[in-house]
Undergrad: 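Dropping the structure in here first, questions after.
Computed from a predicted model, the values in this text were never measured in an experiment.
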Amino acid sequence: MADLLDDTAVTARLEELPGWTREGAEIRRRLKAPSFMAGIEMVAEVARAAEAADHHPDIDIRWRTVTFALTTHSAGGLTAKDFDLAGRIDEIAAAHGAE
């Protein structure tokens with residue numbers, strides 16, 4: 001099981017991830033894709049990365065707006081796994097032209 005991060009560590013890691021915010025025991029980011037299909041393709045690539053990492057975000061798709069939420073359910077809060085995947089989501093989003 002991954003170790004929970006304390007508030008200081010969460011704040012420090014969030015500073016490395018512009019656009020991500022903390023909401024209780026999760027971090028979230030809302031992105032706007034250039035088109036509906038670009039958003040779907042971005043989600044598909046995130047799904048593959050999440051499966052490879054064995055760490056799965058909650059994903060909400062609303063036309064071109066995609067929201068990702070991360071928490072480590074098995075640990076009961078935020079761990080390094082959440083921030084690592086958030087960084088990967090940012091890379092994927094940038095490759096798909098999402099802002």
Undergrad: In this structure, would L17 and V66 fall into the same cluster of hydrophobic residues linked by side-chain contacts under 4.5 Å?
TA: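 Both belong to a single hydrophobic cluster.
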Undergrad: For T79 and D3: C-alpha separation, side-chain torsions, deciding distance, then whether side-chain contact (heavy atoms from CB on, under 4.5 Å) applies.
TA: CA-CA 6 Å; T79 69; D3 292 331; 6.0 Å; no
Undergrad: Check this for me: R64, atom CZ, are more than 12 non-hydrogen atoms of other residues, nucleotides or ligands nearer than 6.0 Å?
TA: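 Yes, enclosed.
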Undergrad: Decide whether W20 and I59 are clustered together by the hydrophobic rule: side chain heavy atoms of Ile, Leu, Val, Met, Phe, Trp, Tyr closer than 4.5 Å, transitively.
TA: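 Yes, same cluster.
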Undergrad: Using 4.0 Å as the upper bound for N to carboxylate O, is an ion pair formed by E99 and K32?
TA: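 Here K32 does not pair with E99 in a salt bridge, since their nearest N and O are not under 4.0 Å apart.
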Undergrad: Within the structure provided, determine whether L85 and H55 are in side-chain contact (heavy-atom separation under 4.5 Å).
TA: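 In short, these two side chains touch, coming nearer than 4.5 Å.
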Undergrad: To the nearest 0.5 Å, tell me how far F83 CZ sits from T72 OG1.
TA: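 Here the rounded value is 9.0 Å.
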Undergrad: Determine, step by step, whether I40 and I61 satisfy the side-chain contact (heavy atoms from CB on, under 4.5 Å) criterion, reporting the C-alpha distance in whole Å, the side-chain angles of both residues, the deciding distance to 0.1 Å, and the verdict.
TA: CA-CA 8 Å; I40 296 301; I61 304 167; 3.9 Å; yes
Undergrad: Checking side chain to side chain contact (heavy atoms under 4.5 Å, CB included) between R13 and each of T8, L78, D84, which is the one that passes?
TA: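 For R13, the side chain to side chain contact (heavy atoms under 4.5 Å, CB included) test succeeds with only one of T8, L78, D84, which is D84.
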Undergrad: side-chain contact (heavy atoms from CB on, under 4.5 Å), that's the test. Do R22 and D7 meet it? Break it down for me.
TA: CA-CA 10 Å; R22 182 178 187 177; D7 288 339; 2.9 Å; yes
Undergrad: I need the E45 CD to E91 CD distance, nearest 0.5 Å.
TA: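 Result: 10.0 Å between the selected atoms.
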Undergrad: Taking the side chain as everything from C-beta on, heavy atoms only, tell me whether F68 gets closer than 4.5 Å to L31.
TA: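 Yes, close enough: below the 4.5 Å cut-off.
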Undergrad: Measure across G77 and T71 and return the closest heavy-atom pair with its distance rounded to 0.1 Å.
TA: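 It is O-OG1, 3.3 Å.
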Undergrad: Given R29, which of T67, D90, T21 fulfils the side chain to side chain contact (heavy atoms under 4.5 Å, CB included) condition?
TA: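 By the side chain to side chain contact (heavy atoms under 4.5 Å, CB included) criterion, R29 pairs with just one of T67, D90, T21: D90.
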Undergrad: Would you compute the distance between atom CZ of R48 and atom CZ of R88 and round it to the nearest 0.5 angstrom?
TA: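 These two atoms lie 10.0 Å from each other.
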Undergrad: Could you give the distance from CG (D60) to CZ (R30), rounded to the nearest 0.5 Å?
TA: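 Going from the CG atom of D60 to the CZ atom of R30 covers 8.0 Å.
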Undergrad: On a heavy-atom basis, which atom in G97 and which in P34 lie closest, and how many Å separate them?
TA: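 The pair with the smallest heavy-atom distance is O-CD, 3.4 Å.
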Undergrad: How many angstroms lie between atom CE of M42 and atom OG of S35, to the nearest 0.5 angstrom?
TA: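 Between M42 CE and S35 OG, I get 10.0 Å after rounding to 0.5 Å.
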Undergrad: As an exercise, state the distance from CD of E41 to CZ of F36, rounded to the nearest 0.5 Å.
TA: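 The CD atom of E41 sits 10.5 Å away from the CZ atom of F36.
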